[in-house]
Amino acid sequence: MSNIIQTRNLSFSYSGKDKILKDISFEVPRGSVYGFLGPNGAGKTTTIRVLLGLLFAGREKVMIFDKFIEKHKIDIYKKIGALIEQPSLYNHLSAKENLEIVCIYRNMNPDRIPEVLDLVKLPVNSRKKVKAFSTGMKQRLGLAMALLPDPELIILDEPTNGLDPEGIREVRDIIIDLNKKKNITIFLSSHLLSEIEKVCSHVAIINHGHLLFQGTIEHLRASKEANYRVLIETNDIEKAYSLLADKYRMQKSPENLYANLRSKEDVSPLIDLLRSENIIVYQIKNEIESLEDIFITLTKSDSHD
Amino acid sequence: MIKNLKYFISCFDAELLKTRRTFAIWMAVISPLFIALMFFLVYLFEDSILTMLNTGNPWATYIDQHYKAIATFMLPFFVVLLTTLVVYTDHKNNTWKLLYTMPVPKWCIYYSKLFTIAFLVFLTHVLFLLLILFSGFLLGIFRPELGFGDFAPAYLQLVVTTINSFLATLGIITIQFWISMRVKNLFVPLGIGLICIVAGNILILAFFEEIIYIPYAHPSINSWEIIGSRSIHQFFIVNEVGFYGLIYFFIVSFLFYLDVRRMNVK
């Protein structure tokens with residue numbers, strides 16, 4: 001068994017209206033930190049709810065630990081810790097009491113409570129009600145709840161949402177630690193590529209309910225090397241743009257003009273074309289795309305259809 | 001079977017822990033205290049009580065008056081409020097997604113909550129019973145001329161009345177529980193409950209026997225012991241109303257569960 005989560009052509013819509021998820025298939029390998037990346041409203045939370053069986057997307061669509069979620073919920077939930085959107089906390093109770101509730105449902109000994117509180121850096125013997133917690137403390141308590149059963153898989157939906165930079169770093173360190181030391185598989189969603197890049201080994205990109213990419217981070221970078229992107233410096237950006245736009249995928253800003261070529265073999269014909277219209281070329285420079293650019297190009301080009 | 005029982009006990013235990021320090025719990029304690037205190041003060045200071053009780057054993061009247069006072073409105077409204085509040089805890093805190101990803105069956109989440117509400121209403125009744133006894137004994141000491149000290153309390157009547165009063169609330173609990181599970185709001189279930197209680201009490205005046213199927217009228221029917229134009233049937237301890245309350249609680253609740261089960265968890 002190498003995949004912890006597996007989905008097959010997952011589609012979902014609320015009461016037959018527009019589909020929120022369209023034909024999503026992906027695999028989360030055991031031991032990976034899997035980043036689920038997409039802009040807000042792309043379908044990340046819906047996907048997570050379907051994975052957890054909170055929303056029903058049809059039979060034999062989602063497999064976790066090699067079992068279909070709709071048939072083996074209880075067995076699967078025993079080995080999963082999850083944090084979906086805002087943490088689910090009882091505001092009128094203390095942190096310890098919230099964790100006790102989870103212990104009771106999971107039929108666990110409450111011995112582990114101080115350990116997980118310590119792990120997320122919350123005071124063990126505080127009687128403070130959750131109501132009085134800051135957003136960061138609530139998020140960390142939510143994380144503690146997910147960690148309580150010593151799970152094999154942790155599913156986190158936007159775990160750094162609403163946290164300050166310090167809080168974001170702490171959560172990130174906890175995630176990396178859990179993965180490295182305990183070999184826990186982690187599935188986390190985010191709309192920030194910079195976050196995913198720092199912690200994840202694998203990434204899937206979703207937009208408008210479509211899966212645009214899945215693979216390792218290196219794979220994502222490599223896949224885009226086929227795209228040879230150049231910066232063109234000329235005396236007439238407008239003219240050059242209208243000339244080249246028919247033939248190449250172009251982008252322009254007031255100062256710069258970019259062309260996305262298939263390879264460097266395309267550079268000479270491009271210069272010839274510009275010269276044939278008497279446009280002066282000062283410089284043509286290869287631009288290495290950052291992951292952020294890749295993400296934006298992917299999600300933008302998808303929004304055209 | 002044993003496994004299912006274990007699941008249920010865990011869920012029930014967790015539900016009880018969740019009610020800690022909630023308004024619902026305070027209400028469950030304060031409501032019977034308030035009523036018992038009012039009666040105690042009236043019996044202690046009001047002169048006309050003496051003429052009313054001149055027939056001898058005061059306990060039967062004392063117990064009867066307590067339960068008649070709450071049956072028409074206070075008790076059903078208390079039940080509606082308590083049910084709404086207990087379910088609303090999970091709406092307010094957005095905890096359904098936590099509950100439904102715990103390794104317990106779905107029916108357990110539903111039934112443990114329903115039983116918790118019934119259990120709280122039962123505890124309130126037990127507290128009410130004890131308070132009636134206690135205040136009666138105090139009256140025996142502080143106003144001996146009423147005769148509370150001269151007679152033994154009507155224990156059997158007290159227990160039977162308490163049990164039937166509790167059973168008469170089960171139908172309301174079942175329906176209000178379903179509405180509260182469906183509506184993610186505090187005021188809609190309360191409003192519906194309030195309207196139904198008033199409607200139930202008005203329909204009693206129409207003297208038709210089918211009123212027994214309307215749970216919101218159960219506490220009143222139970223206290224007047226009249227259904228339509230006939231008197232209520234008694235099976236050993238439990239009366240007809242209690243019997244229908246149990247049917248609602250154990251059978252109709254299952255139909256509601258089938259509806260709640262297929263809801264998406266948002």
Side-chain angles (χ1 to χ4, degrees), chain A residues 12-15 45-46 48-57 64 69-70 72-94 96-108 110 127 129-131 138 141-142 145-146 148-149 151 155 157, chain B residues 2-28 85-113 115-116 181 184 186 258-266:
Chain A
F12 183 82
S13 63
Y14 284 103
S15 60
T45 300
T46 308
I48 288 182
R49 281 170 189 263
V50 171
L51 288 183
L52 284 169
L54 292 173
L55 299 173
F56 182 64
I64 299 183
I69 182 77
E70 70 274 12
H72 300 277
K73 270 188 184 160
I74 294 177
D75 289 340
I76 292 172
Y77 290 160
K78 274 183 191 158
K79 299 192 276 185
I80 295 186
L83 173 59
I84 313 165
E85 289 182 307
Q86 289 86 35
S88 295
L89 303 170
Y90 293 99
N91 281 301
H92 61 286
L93 300 174
S94 69
K96 193 162 162 264
E97 286 167 329
N98 268 283
L99 292 167
E100 275 170 18
I101 289 177
V102 176
C103 281
I104 296 172
Y105 277 118
R106 290 188 175 276
N107 198 15
M108 281 172 54
R127 296 182 64 188
K129 290 179 189 174
V130 172
K131 210 182 290 180
K138 284 185 184 172
L141 179 55
M145 275 170 138
L148 201 53
I155 295 180
D157 188 11
Chain B
I2 292 196
K3 208 171 161 190
N4 281 336
L5 193 66
K6 269 187 182 164
Y7 282 136
F8 182 78
I9 291 169
S10 294
C11 290
F12 186 68
D13 201 10
E15 287 296 336
L16 285 183
L17 176 53
K18 281 185 227 169
T19 62
R20 213 182 265 184
R21 292 194 294 276
T22 55
F23 179 64
I25 281 287
W26 282 109
M27 197 179 70
L85 284 173
V86 169
V87 180
Y88 189 65
T89 309
D90 282 294
H91 286 315
K92 186 178 67 187
N93 294 313
N94 241 316
T95 34
W96 294 112
K97 57 188 197 284
L98 172 76
L99 297 189
Y100 286 123
T101 50
M102 288 291 122
V104 292
K106 226 172 184 179
W107 63 263
C108 235
I109 306 278
Y110 176 90
Y111 273 105
S112 62
K113 228 178 239 309
F115 272 70
T116 301
M181 290 289 277
K184 198 179 170 155
L186 191 58
L258 295 179
D259 175 60
V260 169
R261 188 180 64 167
R262 55 170 195 83
M263 283 167 63
N264 278 328
V265 184
K266 285 180 194 167

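Protein chains get the first letters and strands the later ones, always in sequence-line order, with residue 1 at the start of each. Below, all heavy atoms of this structure are taken into account, side chains as well, without hydrogens, waters or symmetry copies.
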Asks: Is the backbone N or O of Lys18(B) less than 3.5 Å from a side-chain atom of His92(A), with the two atoms forming a donor-acceptor pair by type?
Replies: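 Judged by distance alone, yes, a pair lies under 3.5 Å.
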Asks: Can you tell me how far the CD atom of Glu100(A) sits from the CZ atom of Arg20(B), to the nearest 0.5 Å?
Replies: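 Reported to 0.5 Å precision, the distance equals 6.0 Å.
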Asks: Decide side-chain contact (heavy atoms from CB on, under 4.5 Å) for Tyr105(A) and Ile109(B); before the verdict, give the C-alpha distance in whole Å, the side-chain angles of both, and the deciding distance to 0.1 Å.
Replies: CA-CA 10 Å; Tyr105(A) 277 118; Ile109(B) 306 278; 4.3 Å; yes
Asks: To the closest 0.5 Å, what do you measure between CD1 (Ile80(A)) and CE (Met102(B))?
Replies: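 Taking CD1 in Ile80(A) and CE in Met102(B), the distance rounds to 11.0 Å.
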Asks: Please look at Lys79(A) and chain B and tell me whether the side chain, the backbone, both or neither of the residue comes under 4.5 angstrom of a heavy atom of that chain.
Replies: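 Neither part, no heavy atoms under 4.5 Å.
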Asks: Please check: side-chain N/O of Arg106(A) versus main-chain N/O of Pro103(B), any donor-acceptor pairing under 3.5 Å?
Replies: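 No; zero donor-acceptor contacts below 3.5 Å.
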Asks: As a test of understanding, state which of Asp90(B), Thr89(B), Asn93(B) forms a side-chain hydrogen bond (donor to acceptor under 3.5 Å, both in side chains) with Tyr90(A).
Replies: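 Exactly one option meets the side-chain hydrogen bond (donor to acceptor under 3.5 Å, both in side chains) with Tyr90(A), and it is Asp90(B).
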Asks: With respect to chain B, which residue among Gln86(A), Glu97(A), Lys73(A) yields the maximal number of heavy-atom pairs within a distance under 4.5 Å?
Replies: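 Looking at each option in turn, the highest pair count goes to Glu97(A).
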Asks: What's the shortest heavy-atom distance between Tyr77(A) and Tyr100(B), and which atoms?
Replies: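 Minimum heavy-atom contact is CE1-O, 3.2 Å.
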Asks: Using heavy-atom distances under 4.5 Å, tell me whether Leu89(A) contacts chain B through its side chain, its backbone, both, or neither.
Replies: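 The answer is the backbone of Leu89(A).
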Asks: Would you say Lys106(B) has more than 12 foreign heavy atoms packed within less than 6.0 Å of its NZ?
Replies: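 It does: Lys106(B) NZ has more than 12 such atoms within range.
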Asks: Sort out for me which of Thr101(B), Asn94(B), Leu99(B) touches chain A most, counting heavy-atom pairs under 4.5 Å.
Replies: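 The candidate making the most pairs under 4.5 Å is Thr101(B).
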Asks: If you tally heavy-atom pairs under 4.5 Å against chain B, which of Gly142(A), Ser88(A), Pro87(A), Pro149(A) wins?
Replies: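 Highest number of heavy-atom pairs under 4.5 Å: Ser88(A).
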Asks: Indicate the atoms forming the closest heavy-atom contact of Ile101(A) with Leu17(B), along with that distance.
Replies: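 So the minimum-distance heavy-atom pair works out to CG1-CD2, 3.5 Å.
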Asks: Determine the minimum heavy-atom distance between Leu54(A) and Lys97(B), stating which atoms define it.
Replies: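 So the minimum-distance heavy-atom pair works out to CD1-CB, 3.8 Å.
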Asks: Give me the atom names and distance for the closest heavy-atom approach of Ile104(A) to Ala14(B).
Replies: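 Closest heavy-atom pair between Ile104(A) and Ala14(B): CG2-N, 3.8 Å.
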Asks: Out of Lys129(A), Met145(A), Glu85(A), Arg49(A), which one racks up the most heavy-atom pairs below 4.5 Å with chain B?
Replies: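 Counting heavy-atom pairs under 4.5 Å, the top option is Arg49(A).
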